[in-house]
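First listed ligand is number 1; within each ligand, the first listed atom is number 1.
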Amino acid sequence: MSELREYLDKITDDDLINPDHSVHLDNLDSLSNFRQEFHLPCKRDAEITYLCGNSLGLMPKRTQSLIAEELDVWKTRAVEGHFDHPYQRPWKSCDELVKGSLAAIVGANADEVAAMGQLTSNLHKLLITFYKPSAQRYKIVFEDNAFPSDNYALNSHAYLHNLNPDDALIRVKPRSGESTLRTQDILSTLEEHGNEVALVMFSGVHFYTGQLFDIPTITSHAKSFGAYVGWDLAHAVGNVPLKLHEWNVDFAVWCSYKYLNSSPGGIAGIFIHESQTQSQCQADHRRLEGWWGHDPETRFEMGPHFSPSLGASAWMVSNTPVLTLIALYASLQLFDEAGMENLRAKSVALTGYMERLLKYSKHYTDSSNVEHKQFTIITPSNPSERGAQLSLKFNKDYMLFYNEQLQIHGVVGDDRKPEVIRLAPAPLYNSFRDVHKAVSALDKILDDF
Ligand SMILES: *Cc1c(COP(=O)(O)O)cnc(C)c1O
């Protein structure tokens, strides 16, 4: 991957727009073969330039054959598939298949992660455990303009505790004229409210701005005030390097259909730090329990008392949805082969390349006051403060129109009201040529309209 960086470093911006460089960069990319592992979407027989893996990841080719195998086991063995499986993936413990890969991706021990449920419902489960407001300590600090589902979830937990969300929730806002949050402002909010804060809950990468928060600094600061700290990693998992165990994060949730390509609505995941998995439930027994969280050794004795599994698995409730678990397994094999470090190195080069091409466009402005035929980038320019995604801000009267035009030109990003188009080159399957095509299309659209 250092070849990519060296190549990019030696080319000037006015030379970089030459598409030949995108071909050279693809040749230097040691992960370029992974593109062939995916089905690339088409429209009217033309391949699409897909920069929307932050919303729904593409389908790995091997997903189809792995799911076909499971359907075949169901067809031919029915209930026996739980215990006796021709491909050694007995359904009763199939969640074990993905633990090692998930742990590597989020920087955890295998016992600290579990594949289960879906993001928002998992968040509810972990808020039951980790949001324990008292009369003095009941506030939740999180980001303003959070993803709506997280906002609804946190509000509803305030109501469950008979609290007024307007009082219980502290939303940290960007400074006026700025789009992203300063770490300093998050830390000083924590200082201001110190001992009132029960929980700090942020997204790892913000869905609208693409900002990657400083997870270790915010976590350690919040913990020094005695708050619990949780992260919603929907846009971070499989995108940026994570070390949840080392950073002492209490808990995290994520979905896996974005960068992890697990299928639409695919099975989600949780992390609970090992220092919490034991202590949390002994003291006050705040956990929603079900038979799949029971110790698997004795689960099928069907006894009256709950005996928890080791680690995060004790928070599992229902038996594993095999088809989506296997779809996740298919994609995680590719992550294992590619390695998160390599993916991140390529991602930094790929998104940096996109940023340089965009900023070279005559339609780019660095003013936050964006006019017709213009755009700016609200995602931080520092690679350590972002993942793959760049959020392009347009004039709000034109944003939807420009995104429609991009689709007509075969480029798929997505719009987020009021004024953003998100473009996210996923390093597992996107190429430098994809990025060049997308930026040229945008440039032409802005020339024409
Ligand atoms: C994508 C996303 C979700 C999705 O929630 P589901 O429960 O999977 O539907 C939630 N939160 C954030 C921050 C997201 O980006």
Side-chain angles (χ1 to χ4, degrees), residues 51-58 98 102 105-106 113-128 130-131 140-157 169 171-172 180-181 186 199-213 215 218 229-240 242 244 249 251-271 288 315-318 320-321 323-325 327-328 331 378-379 386-391 412-417 420-424 426:
L51 298 183
C52 206
N54 58 333
S55 192
L56 182 69
L58 292 182
V98 297
L102 285 177
I105 288 171
V106 301
V113 300
M116 60 186 247
Q118 298 202 283
L119 192 163
T120 311
S121 51
N122 289 343
L123 176 59
H124 279 299
K125 287 173 203 146
L126 296 190
L127 288 172
I128 291 282
F130 286 95
Y131 181 49
I140 302 176
V141 174
F142 79 125
E143 78 260 24
D144 194 42
N145 193 24
F147 192 82
S149 202
D150 301 45
N151 192 28
Y152 306 151
L154 291 171
N155 277 326
S156 65
H157 281 263
L169 301 182
R171 298 178 164 86
V172 188
T180 52
L181 285 172
I186 300 171
L199 176 70
V200 176
M201 176 85 220
F202 270 75
S203 58
V205 172
H206 192 272
F207 81 101
Y208 188 81
T209 65
Q211 177 179 21
L212 165 60
F213 292 109
I215 301 177
I218 296 167
V229 187
W231 291 90
D232 178 338
L233 303 176
H235 282 270
V237 69
N239 177 20
V240 295
L242 297 165
L244 300 184
V249 165
F251 72 95
V253 289
W254 58 87
C255 51
S256 60
Y257 45 80
K258 293 174 179 170
Y259 292 97
L260 293 185
N261 321 305
S262 77
S263 76
I267 191 165
I270 65 166
F271 163 89
L288 299 180
W315 275 256
M316 292 171 77
V317 177
S318 292
T320 304
L323 298 182
T324 66
L325 188 286
L328 174 62
S331 174
I378 60 171
T379 307
R386 69 182 185 205
Q389 166 188 334
L390 293 182
S391 298
V412 175
D414 63 7
D415 59 77
R416 281 293 173 269
K417 287 174 186 140
V420 159
I421 296 177
R422 307 186 300 182
L423 299 177

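A salt bridge does not link K417 with D415: none of the charged nitrogens is closer than 4.0 Å to a carboxylate oxygen.
In the model, S203 has a side-chain atom that pairs as donor or acceptor with a side-chain atom of E143 under 3.5 Å.
Looking at heavy atoms from C-beta onward, V113 lies out of side-chain contact with L244 at the 4.5 angstrom threshold.
Under the rule for a side-chain hydrogen bond (donor to acceptor under 3.5 Å, both in side chains), the partners of W231 that lie at least two apart in sequence or sit in another chain are T219. Residues meeting the side-chain hydrogen bond (donor to acceptor under 3.5 Å, both in side chains) test with D150, sequence neighbours left out: none. Under the side-chain hydrogen bond (donor to acceptor under 3.5 Å, both in side chains) criterion, N151 pairs with R171, not counting sequence neighbours.
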Please give the N or O to N or O pairs under 3.5 Å between ligand 1 and the protein, distances rounded to 0.1 Å.
residue, atom, partner, partner atom, Å
ligand 1, 5 (O), T120, OG1, 3.3
ligand 1, 7 (O), T120, N, 2.8
ligand 1, 7 (O), T120, OG1, 2.6
ligand 1, 8 (O), Y257, OH, 2.6
ligand 1, 11 (N), D150, OD1, 2.8
ligand 1, 11 (N), D232, OD2, 3.0
ligand 1, 15 (O), H235, NE2, 3.2
ligand 1, 15 (O), K258, NZ, 2.6

